[in-house]
Amino acid sequence: MRLRLLAAVRALLADPSLAGLKDAPRLAAVVLYAKSRAPRGRVDDNQSSIWGAELGRWLGVKETTVHHRVLPALRGSGALRTRVVTDAKGHPTGLDCLVMPLWTARKNGGAADPLALSKAELATLLRLIEALFGPGWTPKGKEPIPAGLLAGRTGKGAATDRLGLLLMVLNTRSSGWLQLCGGSVKARDGRGAATLARLLGCSASGARKVLARLAEAGVVARQRKATATRMNGRGRVMLLPVARAYGRVLAPVEAAQGTKAVFSQRPDGAVGDHAPAAAAGPLGASGDSGSEGAAPAEDRERPDGAELHASHASVVTPVLPPQLSGGFSGEGRGGNPGLPDRACVREDGPLRGEQPLMSQVSESHTAARAAGRSQLTVVVGGHGRQQGREVADLPDRRLRVALAPAAYLWQRLDRGQQAVVRRAAVQALQVLSGIADERVAPRLLADRLTDRLDEVGGEALVRDPMGWLLGRGLVQRQACTDLRCDDGIRLDTRGDCPSCAGVVADRRAQRARLRTVVDAQLADADGARRRVVYEEQLREHTMLEAARTEARHARAAAEVEVRRAAADRRRQAEEAAELARRSAACTECGLPGAAGLCPECTYRQRTDALVREAVDLAVAVRADLDDADQVAALTKQCTADTRALVADMCRRSGGNDGVEAFTAREVAERIRDERLASGHRRLLVSEEAETEADAVYDTTLRRRPDGHEAAQGAAEDARRRTAQYLLHHKLGQLKAVRARMAAGRAPRRAG
């Protein structure tokens, strides 16, 4: 059943009419497909009735988003056809939706098509969707249906999260582990994100964000498969709803990349350090839950037969702050024994065999000890660098790398100040990512902080950490007009800025010219006199350049004001024209305020155009285009029959004039599409198409004598292309015949 539903959903999402659409319209197609009626031999069996607001609750978006983005996108791509259902008074009571891929599958493919699910299979798919992200409701006289797991996830990205969860659940076996894709993937994204990216048809980075949101929602858990050496193995993804449905409980799971593993609690009666492994059983396994006792030994976080270790609290709050003693390697790490990411601070203290070095700013170390903070001072370039646990505890690894040089300043901030600085650092990383590679942006920001700290003499000399970080440390200082310049260094190449070099060269050349002029004018004067005159002329030249720059800026500002005024006038004129257009009466019926054409007249005009297209398709295929009388008679008869058919369908639907006009347009469009398909099928068996197919078949066999299947496929493609060409040619010939008849000239005979 699972594979059948997975194949159906994949076939629906792979339909050409859904290609290029966003996730909200695609999820809407899946929901409407699951809510469609079971096949009983009628066209209406493929429909599903729903409200716009109700569909928005299924998708996690607002009703306005459904009416302005979801339904228009599906209608425009041809994946959905809708019809407003009204009561006896003409008030809308719902929306009948026809999923065209399902209708096509049941019409042409039959029961063998993946989309042609049975009644029980459709009910199972709908029940699964209800359990995952259904809005929940209380039917009359029945038990209430609870909301799904992601029912509370709304807004931006909600449709993507829901569609991704559905696809992963359908791609998961009873064990609860997601079937991961094969091949090589990027280590940064992981195999789970690559698998979800293939399911959703998006990038791996986008799938990684979806996976993180699902993990935060508590429906997905990521884990590293344990190895016999206690090293991290390949990543795995567990779908918690599937695992719970089969009575399984999550084993040690890595909550997020780069963070510590979160383990389920051990029961009170678990065996401690001194009991043998066999006596402990699955309940005493460190990091394993009691309900996961049936898990094999290779899935546990310890080697087979290893002695069990007593459980310890994950976080311990010390009563007294830890103190430094001898400065040996490994001391003073506090609650974060992990190594920092920067290469220059791989160890919190000197390596074995080395002597502890004294920092030039040891006062900062003394102040840190007095404040009860456990740190070590690492000498980098002659200045003290503090690696504090606060920076290491940041959830984003990019921020940890970027703010590592200013770790001592970071720990001097309170929670509110840290939040402000964190937002400023994220913004600086975004700017650097737009200039250089996203992967090196954290390192560039760390180098900027290192250089700015070198200017002031170290972190201990910064009196206002927050003001310094926001006003000097994290700010890019452009020495020229190049956006990639930072203190004369190009951020993308890490070399000297050519623009700055050009500015410096121009200034040096100007000074050299002034010095040459002064030397020529005062050749007999002494050096002091020439120096005074040179400085005066240089000052005059600088003031003149400043005046020119100010005038240029004033002209630019005046030009901007002129352009803004022109834009305001143009916008006012456009608003007035738009207001006049909206208030104009309908040109057909005279209805005021109809923007030139009311909806009923718009439907009627579109219906007339569709009827003409349907008549042209019938006449072009059936009539002898060289006989003007036959063309005129068949055109008249087809027009009358088509309009009679449209009128009959409108009378059956009932309703007011507006509903009838809308229904007439829908019926005319359906008749046009049916005649287009009928004409194409008729031309497929024409003599021209048969001749072209035989010629292509013979040509392919001459090239590949054993390629009968390839030849057959090429012949069918040639047959379809020929039929399309013939239909297009006949329609053009029909237009030419009617134009000659309107001009009073008989059509020319072929040949």
Side-chain angles (χ1 to χ4, degrees), residues 344 380-383 402 405-406 424-425 427-458 461-462 468-563:
C344 58
V380 180
H383 298 287
Q427 184 177 2
L429 287 177
Q430 292 177 352
V431 174
L432 291 174
S433 299
I435 297 176
D437 191 356
E438 182 180 2
R439 295 172 295 182
V440 302
R443 182 63 58 192
L444 293 178
L445 187 57
D447 294 342
R448 177 187 297 175
L449 288 174
T450 302
D451 296 338
R452 305 290 165 80
L453 287 172
D454 290 340
E455 293 177 0
V456 299
L461 301 181
V462 178
W468 186 88
L469 288 171
L470 297 180
R472 188 170 183 177
L474 299 175
V475 180
Q476 178 181 353
R477 298 186 301 199
Q478 296 178 221
C480 62
T481 58
D482 195 341
L483 297 178
R484 299 165 295 183
C485 176
D486 188 14
D487 282 340
I489 303 298
R490 279 278 293 270
L491 293 172
D492 53 348
T493 62
R494 304 301 295 158
D496 294 336
C497 179
S499 299
C500 294
V503 172
V504 173
D506 292 341
R507 292 175 180 175
R508 289 177 178 174
Q510 181 62 34
R511 291 170 181 171
R513 287 194 296 268
L514 288 177
R515 189 178 296 277
T516 302
V517 172
V518 170
D519 291 342
Q521 293 177 353
L522 303 176
D524 298 335
D526 56 356
R529 174 63 180 168
R530 290 199 299 268
R531 187 181 308 106
V532 171
V533 175
Y534 167 73
E535 291 179 354
E536 291 179 354
Q537 293 189 4
L538 182 61
R539 187 179 303 106
E540 292 177 358
H541 174 74
T542 303
M543 295 178 61
L544 181 60
E545 287 295 327
R548 291 175 180 175
T549 302
E550 185 177 358
R552 185 168 60 253
H553 290 173
R555 289 194 302 269
E559 293 176 357
V560 169
E561 292 297 330
V562 171
R563 289 195 296 269

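Counting begins at 1 with the first residue of the sequence. Just so it is clear, the values below take in all heavy atoms, side chains as well, and ignore hydrogens, waters and symmetry mates.
Of all heavy-atom pairs between Leu491 and Leu444, the closest is O-CD1, 3.6 Å. Minimum interatomic distance between Gly488 and Cys500 (heavy atoms only, all atoms of both residues): CA-SG, 3.9 Å. Of all heavy-atom pairs between Leu461 and Gly457, the closest is CD1-O, 3.7 Å. Of all non-hydrogen atoms in Ala402 and Leu445, the two that sit nearest each other are CB-CD2, 3.6 Å. Minimum heavy-atom separation, Ala424 to Leu470: CB-CD2, 3.5 Å. Scanning all heavy atoms of the two residues, the minimum distance from Val518 to Tyr534 falls at CG2-CA, 4.0 Å.
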Decide yes or no on side-chain hydrogen bond (donor to acceptor under 3.5 Å, both in side chains) for Arg507 and Gln510, but give the supporting numbers first. CA-CA 5 Å; Arg507 292 175 180 175; Gln510 181 62 34; over 6 Å; no
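Listed for the Glu540 side chain is no donor-acceptor partner under 3.5 Å among the backbone atoms of Leu544. Between the Arg452 side chain and the Arg472 main chain, a donor and an acceptor come within less than 3.5 Å of each other. Within the 3.5 Å criterion, the main-chain N or O of Cys485 finds a donor-acceptor partner in the side chain of Gln476.
For Asp496, there are no salt bridge (charged side-chain N to carboxylate O under 4.0 Å, His left out) partners at least two apart in sequence or on another chain. Residues that satisfy the side chain to side chain contact (heavy atoms under 4.5 Å, CB included) test with Gln430, not counting sequence neighbours, are Val426. In this structure Gln427 satisfies the side chain to side chain contact (heavy atoms under 4.5 Å, CB included) test with no other residue, sequence neighbours excluded.
Salt-bridge check for Asp519 with Arg530: passed, with a basic side-chain N closer than 4.0 Å to an acidic carboxylate O. Taking the charged nitrogens against the carboxylate oxygens, Glu536 and Arg539 have no contact shorter than 4.0 Å, which rules out a salt bridge.
Side-chain atoms of Leu469 and Leu449, non-hydrogen and from C-beta on, do get closer than 4.5 Å to each other. Counting only heavy atoms from C-beta outward, the side chains of Leu538 and Arg515 never approach each other to under 4.5 Å. Side chains of Val440 and Asp437 form a contact here, defined as non-hydrogen atoms less than 4.5 Å apart.
The CD1 atom of Ile489 lies 8.5 Å from the SG atom of Cys497; values are rounded to the nearest 0.5 Å. The distance from atom CG of Asp492 to atom CG of Leu483, rounded to the nearest 0.5 Å, is 11.0 Å. Rounding to the nearest 0.5 Å places CZ of Arg484 at 8.5 Å from CD1 of Ile435.
Annotation for Glu455: atom CD counts as buried by contact number, over 12 foreign heavy atoms lying within 6.0 Å.
Just one of Val475, Leu453, Asp486 meets the side chain to side chain contact (heavy atoms under 4.5 Å, CB included) condition when paired with Arg448; it is Asp486. Just one residue in the list Arg529, Arg531, Glu535 forms a side chain to side chain contact (heavy atoms under 4.5 Å, CB included) with Val533, and that residue is Arg529.
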